[in-house]
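Letters A, B, ... mirror the listed sequences (proteins, then strands); counts begin at 1.
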Amino acid sequence: MSKIRVRFAPSPTGFVHVGGLRTALYNYLFAKKRGGTFILRIEDTDRSRYVEGATENLIAVLNWAGLVPDEGPEQGGDFGPYFQSQRQNIYRDYARELINGGRAYYAFDTPEEIEEMRRRAPKSEAPPKYDASLRMQMRNSLSLSPGESAELLEAGAPYVIRLLIPEDRTFTFNDIIRGQVSFHSRQIDDQVLIKSDGYPTYHLANVVDDHLMQISHVIRGEEWLSSVPKHVYLYECFGWKMPDLAHLPLIFNPDGTKMSKRNIQSLDELPSGKVDPDVQTYIDSGYEKEAILNYIAFLGWNPGDDRDVFTLRALQNIFSLERVNKSAAIFDLQKLNYLNQEHLHRMETDVLAEELKTEMQKAGIHYDADAYFKAVVDLLKSRLHFRKEFVEYSTYFFKEPESYDPQVVKKRWKGDSAKLLFEFIDEISKLDRFDAGSIEKCVRQIADRHEIGSGRIIHPVRLAVSGIGVGPGLFEMLQILGREKVTKRVKNAIEMIPARQQ
RNA sequence: GGCGCGUUCGUCUAGUGGUUUAGGACGCUGGCCUCUCACGCCGGUAGCACGGGUUCGAAUCCCGUACGCGCUGCCA
């Protein structure tokens with residue numbers, strides 16, 4: 001079996017689309033699973049749509065995701081350059097070869113003339129194509145005499161090179177995902193191969209580059225399916241072997257429309273039925289990298305069993321194109337959220353703690369010791385949906401409460417709370433070991449003594465040490481805080497709270 | 001309009017002629033756990049687009065219809 005070589009070939013026209021990231025991911029997974037090469041090729045042949053910084057941004061997102069190319073603009077390789085804009089002369093040579101072989105021709109029609117040709121058609125009908133039925137009425141090296149054409153070329157008249165699509169041919173090809181697909185040449189127009197600005201169109205460039213770069217499998221979005229016959233014909237003209245094809249299903253908004261960046265400010269205020277196609281938005285919103293990758297991998301693919309949480313490494317081992325679906329998928333934020341939480345909960349505490357330090361520093365919060373910090377992370381981990389929540393959830397572990405939630409005071413702070421809490425700090429002062437088990441025993445004993453529910457102590461203590469009414473299990477929380485802090489905070493609260501009540 | 005591709009719970013999907021009273025996950029929902037909020041656990045909800053064939057038997061094969069999407073550019 002020949003070497004697996006796949007490419008992700010985006011055009012730098014803006015932000016990185018969720019669908020684009022998935023295409024990159026599938027290419028990457030396919031290559032890695034089979035010991036192949038993952039190539040990044042920048043398809044920047046449309047100067048009018050070129051966006052400054054888009055390439056850098058694209059590479060940054062790919063690196064962020066861990067989908068690092070084996071060959072590409074950054075890492076180089078034996079098949080460069082990896083920018084199509086730097087390969088112009090290559091395409092030009094191949095286009096000439098086509099013309100010399102009678103497979104392509106020069107066309108001198110101006111954009112206005114083509115526009116006019118299309119406008120001439122009755123409104124009820126479909127716009128005509130530049131094809132066998134029309135080309136002899138246009139201005140090109142087929143309709144003009146050889147002398148006229150040569151004259152125009154010599155005079156430097158603007159021209160494009162068009163592919164001469166044969167009449168009455170059926171192009172059939174096999175797609176790994178869709179099976180056999182065929183098109184009749186009647187449906188295909190004489191595709192422009194070289195534009196008047198000298199740059200190639202996608203169709204020529206991708207065929208030439210895929211061949212020259214020895215691409216074994218083309219994995220891309222379904223929007224390309226309809227232009228495959230043109231590519232099939234080009235491969236035939238050049239006498240090249242075509243790579244295997246896999247056309248991926250599209251990804252849509254919840255309302256079934258195409259994902260668009262229009263009218264989207266943030267994930268918190270999405271227009272009804274819409275979702276943000278910009279990968280950067282999810283990164284900025286604090287989604288776990290692994291969760292994003294896991295989620296988009298499952299948009300159109302599944303491992304065939306019940307498992308649904310995978311790291312990039314794990315996906316590498318089980319991915320296969322054969323298990324990619326045919327039908328389009330809808331992007332669902334809730335499932336992403338679920339996976340985000342799953343990945344967070346499955347992280348090793350040590351690793352998470354290390355990464356959370358950055359979040360803490362950003363928030364300007366300082367902590368005492370590594371062991372203490374890790375203990376807090378361990379305790380709070382299972383309550384996290386997003387890692388950024390940690391800062392908020394853990395504040396009272398790093399500084400004393402400055403106020404007490406009035407709602408909770410009203411609900412939990414009873415007339416005897418102060419008295420019970422005095423008793424509580426007195427009891428815990430006698431404890432040999434200040435651990436969750438001992439603290440709990442202590443609380444239960446006080447409650448029994450007064451014949452009240454232990455909640456009558458638990459809730460006020462929580463309020464006293466944290467200032468709020470929600471949080472992790474109280475006893476574990478107190479153990480981590482330590483006897484000294486707990487005693488101090490409870491005393492503070494006893495002083496503060498009744499004063500506020502009056 | 002033409003051509004192409006697609007259609008299993010609200011969503012992601014399993015399913016490749018009998019193992020299926022169509023399975024899982026998210027969501028929603030009932031409960032358990034419990035000191036709160038989460039987590040976790042147990043349960044429920046809901047689907048083969050429609051119509052014809054083929055077959056002893058079809059979600060699975062064929063045809064048609066409907067609907068959706070893609071392409072129909074000197075965009076990719």
Side-chain angles (χ1 to χ4, degrees), chain A residues 9-13 43-46 48-49 107 109-111 114-115 118 123-130 158-162 175 177-178 181-184 186-189 191-203 205-206 220-229 247 249-250 252 254 256-258 295 298-309 323 325-339 341 345 380-385 389 393 408 411-412 440 443 447 453-463 466 468-475:
Chain A
S11 91
T13 52
E43 311 228 322
D44 53 352
T45 54
D46 184 350
S48 63
R49 289 209 308 157
D109 319 277
T110 64
I114 292 187
E115 176 75 7
R118 293 205 171 103
K123 250 203 304 227
S124 55
E125 280 176 32
K129 294 188 301 293
Y130 202 116
Y159 66 90
V160 299
I161 296 176
R162 285 185 181 269
D175 185 277
I177 295 166
R178 277 147 226 288
V181 181
S182 48
F183 290 82
H184 194 272
R186 203 178 302 118
Q187 298 301 323
I188 306 162
D189 63 352
Q191 180 63 51
V192 169
L193 263 17
I194 299 283
K195 298 180 267 188
S196 57
D197 65 3
Y199 283 85
T201 58
Y202 174 86
H203 306 284
N206 104 85
R220 79 234 298 182
E222 195 194 80
E223 70 269 25
W224 294 110
L225 196 63
S226 300
S227 47
V228 173
H247 287 89
L250 268 18
F252 292 117
T257 58
K258 202 161 144 184
Y295 180 63
F298 270 69
L299 247 26
W301 171 89
N302 74 85
D305 57 38
D306 285 350
R307 295 172 298 164
D308 61 359
V309 183
R323 292 208 62 86
N325 275 341
K326 292 176 169 68
S327 50
I330 282 170
F331 192 94
D332 175 32
L333 219 43
Q334 287 181 316
K335 188 92 175 228
L336 206 209
N337 289 342
Y338 158 76
L339 286 172
Q341 172 187 308
H345 293 182
L380 260 25
K381 189 165 70 172
S382 71
R383 332 178 72 76
L384 260 28
H385 298 98
E389 293 168 340
Y393 290 177
V408 182
K411 187 170 180 191
R412 305 290 191 190
E440 173 163 13
V443 168
S454 41
R456 291 284 292 280
I457 302 158
I458 290 168
H459 293 300
V461 171
R462 174 188 299 285
L463 179 66
S466 72
I468 55 177
V470 300
L474 181 77
F475 309 117

Item checked: Integer-rounded Å distance: B:rC5 P and A:Arg220 CZ -> 16 Å
Note to self: Under 4.0 Å, heavy atoms only, any strand: does A:Val181 hit a base, just the sugar-phosphate, or nothing?
What the structure shows: sugar-phosphate
Checklist line | Identity of whatever pairs with B:rU45 - Watson-Crick or G-U, under 3.5 angstrom | finding: B:rG27
Notebook entry, point to check: For A:Arg178, does the CZ atom sit with more than 12 other heavy atoms under 6.0 Å from it, leaving out its own atoms?
Noted result: yes
Note to self: Taking side-chain contact (heavy atoms from CB on, under 4.5 Å) as the definition, give me every residue that meets it alongside A:Glu389, ordered by chain and number, with sequence neighbours left out.
What the structure shows: A:Leu384, A:His385, A:Phe386, A:Tyr393
Next item on the list: Could you run through nucleotides 40-45 of chain B and give me one letter per nucleotide, 5' to 3': B if any protein heavy atom sits under 4.0 Å from the base, S if only the sugar-phosphate is that close, - if neither?
Entry: S-----
Margin query: Both A:Asp332 and A:Pro472 contact RNA chain B. Which one's nearest nucleotide lies toward the 5' end?
Written below: A:Asp332
Note to self: So, using side-chain hydrogen bond (donor to acceptor under 3.5 Å, both in side chains) as the criterion, who are the partners of A:Asp305 when residues are at least two apart?
What the structure shows: A:Arg307
Note to self: Tell me which nucleotide, if any, is Watson-Crick or G-U wobble paired with B:rG6 when both distances must be under 3.5 Å.
What the structure shows: B:rC67
Check: Does A:Arg323 have a side-chain nitrogen or oxygen under 4.0 Å from the phosphate oxygens OP1 or OP2 of B:rU16?
Finding: no
Next item on the list: Would you mind reading off the distance between A:Asp305 atom CG and B:rG15 atom P, rounded to a whole angstrom?
Entry: 10 Å
Note to self: Pairing check on B:rC33: which nucleotide meets the Watson-Crick or G-U wobble criteria with it, both distances under 3.5 Å?
What the structure shows: none
Checklist line | Interatomic distance at P, B:rU60 relative to B:rG18, whole Å | finding: 12 Å
Margin query: Under the rule for ring pair (Phe, Tyr, Trp, His ring centres under 6.0 Å), what residues qualify as partners of A:His203, not counting sequence neighbours?
Written below: A:His231
Item checked: 5′-ward residue of the pair A:His184/A:Asp306 relative to RNA chain B -> A:His184
Item checked: Distance-only donor-acceptor test (3.5 Å): side chain A:Arg462, base B:rC35 -> yes
Check: Once each nucleotide of nucleotides 71-76 of chain B is scored for protein heavy atoms under 4.0 Å, what B/S/- sequence comes out, 5' to 3'?
Finding: SSSBBB
Note to self: What contact category does A:Pro158 fall into here, base, sugar-phosphate, or nothing, at under 4.0 angstrom with non-hydrogen atoms?
What the structure shows: nothing
Note to self: Of the options B:rC35, B:rG70, B:rG24, whose atoms approach the side-chain atoms of A:Leu250 most closely?
What the structure shows: B:rG70
Next item on the list: Under 4.0 Å between any heavy atoms, over every strand shown, what does A:Gly300 touch: base, sugar-phosphate, or nothing? Just pick one.
Entry: sugar-phosphate
Checklist line | Counterpart base for B:rU54, defined by Watson-Crick or G-U wobble contacts under 3.5 Å | finding: none
Item checked: Proximity to the side chain of A:Ile458 - top-ranked nucleotide from B:rC5, B:rC35, B:rU11 -> B:rC35
Below 3.5 Å between N/O atoms, which protein atoms pair up with nucleotides 47-50 of chain B? Just atom names and distances, please.
none

Checklist line | Pairing partner (Watson-Crick or G-U wobble, both distances under 3.5 angstrom) of B:rA38 | finding: none
Note to self: Please classify the nucleic acid contact of A:Gly256 as base, sugar-phosphate, or nothing, using heavy-atom distances under 4.0 Å.
What the structure shows: sugar-phosphate
Next item on the list: Compare the minimum distances between each of B:rC12, B:rA25, B:rC39 and the side chain of A:Leu299, then state the nucleotide with the smallest one.
Entry: B:rC12
Notebook entry, point to check: A:Tyr393 has an atom OH; how far is it from atom P of B:rU36, in whole Å?
Noted result: 17 Å
Check: Quick one: which of B:rA38, B:rU36, B:rG24 gets closest to the side chain of A:Val470?
Finding: B:rU36
Margin query: Run the side-chain hydrogen bond (donor to acceptor under 3.5 Å, both in side chains) test against A:Asp189 and tell me which residues pass, sequence neighbours left out.
Written below: A:Lys230
Next item on the list: Indicate, with a heavy-atom threshold strictly under 4.0 Å, whether A:Leu474 touches base, sugar-phosphate, or nothing.
Entry: base
Notebook entry, point to check: Is A:Phe475 touching bases, backbone alone, or none of the nucleic acid, heavy atoms closer than 4.0 Å?
Noted result: base
Note to self: Once you apply a heavy-atom cut-off of 4.0 Å, does A:Arg412 come out as touching a base, just sugar-phosphate, or nothing?
What the structure shows: sugar-phosphate
Checklist line | Heavy-atom side-chain proximity of A:Val443 to A:Phe475 below 4.5 angstrom | finding: yes
Item checked: Pair A:Tyr295 + A:Phe331: ring centers closer than 6.0 Å -> yes
Next item on the list: Can you tell me, in whole Å, how much space there is between the P of B:rU34 and that of B:rC12?
Entry: 39 Å
Next item on the list: Determine whether A:Thr110 and A:Pro158 make a side-chain contact, defined as any pair of heavy atoms from C-beta on separated by less than 4.5 Å.
Entry: no
Next item on the list: Check whether any side-chain N or O of A:Asn325 sits under 4.0 Å from OP1 or OP2 of B:rU13, and answer yes or no.
Entry: yes
Notebook entry, point to check: Which nucleotide, in any strand shown, forms a Watson-Crick or G-U wobble pair with B:rU19, with both distances under 3.5 Å?
Noted result: none
Next item on the list: Please name all residues satisfying side-chain hydrogen bond (donor to acceptor under 3.5 Å, both in side chains) with A:Lys335, sequence neighbours left out, ordered by chain then number.
Entry: none
Note to self: Holding to ring pair (Phe, Tyr, Trp, His ring centres under 6.0 Å), I want the full list of residues that pass it with A:Tyr159, two or more places apart in sequence or in another chain.
What the structure shows: A:Tyr106
Check: Once you round it to whole Å, what is the distance between P of B:rC9 and NZ of A:Lys335?
Finding: 14 Å
Checklist line | Residues which pass side-chain contact (heavy atoms from CB on, under 4.5 Å) with A:Ala329, listed by chain and number, not counting sequence neighbours | finding: A:Leu299
Next item on the list: Please name all residues satisfying side-chain hydrogen bond (donor to acceptor under 3.5 Å, both in side chains) with A:Glu43, sequence neighbours left out, ordered by chain then number.
Entry: A:Arg41, A:Gln84
Item checked: For A:Lys195, all residues meeting side-chain contact (heavy atoms from CB on, under 4.5 Å), sequence neighbours excluded -> A:Thr45, A:Asp46, A:Val192, A:Asp197, A:Tyr199, A:Thr201
Item checked: Atom pair distance, as rounded to whole Å: NZ in A:Lys326 and P in B:rU60 -> 14 Å
